[in-house]
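Side chains included, hydrogens not; waters and symmetry mates left out as well; all remaining heavy atoms used. In what follows, every chain begins at residue 1, and chains take the letters A, B, ... in the order their sequences are listed.
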Number of protein chains: 2
Amino acid sequence: MSDDSKSSRDRLVDAMESLLWERGYADTSPKDVLKRAQVGQGSMYHFFSGKHELAVEAIRQNVRRAFGGHELLEGTGSPMDRVERCLRYPRQGVRGCRVGRMTQDPQVFDDPDMIGLIAGAFEGQLSLWEKVIRQAVDARELPAGINPSDLARTISAVIQGGYVLARAAHAQEPMDRAIEGLIGLLEAVRIDRVPDFPR
Amino acid sequence: MSDDSKSSRDRLVDAMESLLWERGYADTSPKDVLKRAQVGQGSMYHFFSGKHELAVEAIRQNVRRAFGGHELLEGTGSPMDRVERCLRYPRQGVRGCRVGRMTQDPQVFDDPDMIGLIAGAFEGQLSLWEKVIRQAVDARELPAGINPSDLARTISAVIQGGYVLARAAHAQEPMDRAIEGLIGLLEAVRIDRVPDFPR
DNA sequence: GTCTATAGACGGATAGAC
DNA sequence: GTCTATCCGTCTATAGAC
């Protein structure tokens with residue numbers, strides 16, 4: 001992260017990236033960034049116009065890191081298997097979502113550059129979910145009455161809300177159970193399986 | 001809110017309450033609070049030891065206001081009707097949840113007093129959801145295989161995550177659709193109705 | 001109770017030497 | 001490119017008059 005082999009510029013972006021996740025934009029000062037990056041004050045203002053420009057770059061990198069991997073949703077298995085696999089992918093709830101948490105920071109929310117990156121990341125993620133759900137409906141794993149676009153947002157919301165519940169409780173459990181609850185519903189509507197319970 | 005008929009103390013709590021919602025703890029200064037409350041500096045330090053104590057009081061009031069009304073979940077109608085009614089209760093997604101947003105603020109997250117109030121609020125809310133879902137299962141509106149405790153967390157997460165999606169998009173729509181997606185799943189597993197689609 | 005004045009530290013940014 | 005010195009404003013809290 002603050003790898004000596006990296007350039008000062010990269011170290012600054014890495015430091016800002018982690019601080020945005022841990023403390024948010026408003027509560028992160030240039031001084032904090034410099035300290036974590038092990039870089040002098042002049043360097044930061046050499047590469048960036050200031051805190052804002054560095055944060056934009058860090059969010060860009062953050063978004064790539066968080067929502068970059070599409071393997072889970074586009075890999076092997078039936079559409080619903082992929083959905084469940086991706087839902088069960090381990091997420092550290094108490095740490096919060098490095099992308100979602102930014103939406104709560106008013107200075108990020110009000111800034112077109114920063115919120116634009118966040119919005120784009122969610123749009124990309126949502127279209128992936130929507131695509132695999134549509135495949136599940138086409139494959140008759142889900143009933144035709146399901147709205148893939150809505151359900152994609154439901155799934156994304158459960159994950160994001162799971163982070164919120166986990167942080168409120170200082171525990172992973174609420175998030176895992178929120179996701180299990182969703183999987184329970186998905187299993188119950190899945191039409192290629194005999195339900196475990198009487199209908 | 002900054003009603004002249006209220007005491008300075010109440011005005012301070014009201015002002016801090018709204019600022020915590022709009023800007024969070026870290027980015028709200030005593031000066032901001034005093035300005036909004038139309039109160040001088042001395043008054044605040046007369047009633048409270050400082051920013052922290054005032055914020056604790058404001059969060060206490062905030063939590064009461066946000067999660068106080070249990071009418072929707074405990075009113076008339078079948079359990080599932082109440083669930084859907086409460087889910088469709090209008091929420092201003094772009095503004096975010098005044099309780100959930102606090103979990104992202106590290107200074108709140110790390111403070112036992114403040115996070116304790118937030119955690120308690122969620123626990124109360126979750127037990128209400130759990131209760132009505134259990135009633136729905138008992139009334140055979142939902143299959144016996146449903147885990148009420150998990151599903152309660154799923155529902156709460158969809159609402160919280162809906163706020164996140166709405167703020168990311170600067171639009172109400174994603175939140176409403178996330179909730180509609182959840183209702184769609186709930187309707188699909190509901191056993192007292194003939195599904196609209198072939199199974 | 002409420003006010004103004006003040007304190008000490010930190011915020012974010014600039015200047016200019018090397 | 002990187003450093004130190006410096007600037008002005010704000011943050012949080014205290015002091016003390018009224």
Mind calculating the distance between [atom1] ([X]) and [atom2] ([N]) to the nearest angstrom?
X: D32(B); N: dT12(D); atom1: CG; atom2: P; answer: 8 Å
X: F48(B); N: dT14(D); atom1: CZ; atom2: C1'; answer: 18 Å
X: L12(B); N: dA13(D); atom1: CG; atom2: P; answer: 14 Å
X: K31(A); N: dT14(C); atom1: NZ; atom2: P; answer: 18 Å
X: L54(A); N: dG12(C); atom1: CG; atom2: P; answer: 12 Å
X: M44(B); N: dC3(C); atom1: CE; atom2: P; answer: 14 Å
X: D27(A); N: dG12(C); atom1: CG; atom2: P; answer: 9 Å
X: L19(B); N: dC11(D); atom1: CG; atom2: P; answer: 12 Å

Checklist line | Sole residue of R11(B), R98(B), R23(B) in salt bridge (charged side-chain N to carboxylate O under 4.0 Å, His left out) with E17(B) | finding: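 So, applying the salt bridge (charged side-chain N to carboxylate O under 4.0 Å, His left out) to E17(B) and each of R11(B), R98(B), R23(B), only R98(B) qualifies.
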Item checked: Below 4.0 Å: OP1/OP2 of dG1(C) and any side-chain N or O of S43(B) -> no
Note to self: Quick test of your reading of the model: are D81(A) and R190(A) salt-bridged, counting only N-O distances below 4.0 Å?
What the structure shows: yes
Notebook entry, point to check: Using a distance-only test with no angle check, is there a side-chain donor-acceptor pair under 3.5 angstrom linking E141(B) and S78(B)?
Noted result: yes
Item checked: No-hydrogen, no-angle side-chain donor-acceptor test under 3.5 Å, E180(A) and N147(B) ->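 E180(A) vs N147(B): no donor-acceptor pair found between side chains.
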Notebook entry, point to check: Which part of the nucleic acid, if any, lies within reach of G42(A) when heavy atoms closer than 4.0 Å are counted: base, sugar-phosphate only, or nothing?
Noted result: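 Base, at least one base atom sits under 4.0 Å.
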Check: Any idea which heavy atoms bring A168(A) and A119(B) closest together, and the distance?
Finding: O-CB, 3.2 Å
Check: Considering only dG1(D), dG1(C), dG11(C), which nucleotide approaches the side chain of H46(A) most closely?
Finding: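 Output: dG1(D).
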Item checked: Lys/Arg cation over aromatic Y163(A): R101(A), 6.0 Å, 45° cone -> no
Next item on the list: Using heavy atoms and a sub-4.0 Å distance, could you list which residues of residues 108-117 of chain A are near DNA chain D? By number, please.
Entry: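 Contacting residues: none.
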Check: Toward the 5' end of DNA chain D, which comes first, F47(A) or Q41(A), by nearest nucleotide?
Finding: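 Here F47(A) is the residue nearer the 5' end.
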Checklist line | R95(B) and E22(B): CA distance, side-chain angles, deciding distance, salt bridge (Lys or Arg N to Asp or Glu O under 4.0 Å) verdict | finding: CA-CA 8 Å; R95(B) 286 199 186 174; E22(B) 294 167 24; over 6 Å; no
Item checked: Position toward the 5' end of DNA chain C (nearest nucleotide), G40(B) or P30(A) -> G40(B)
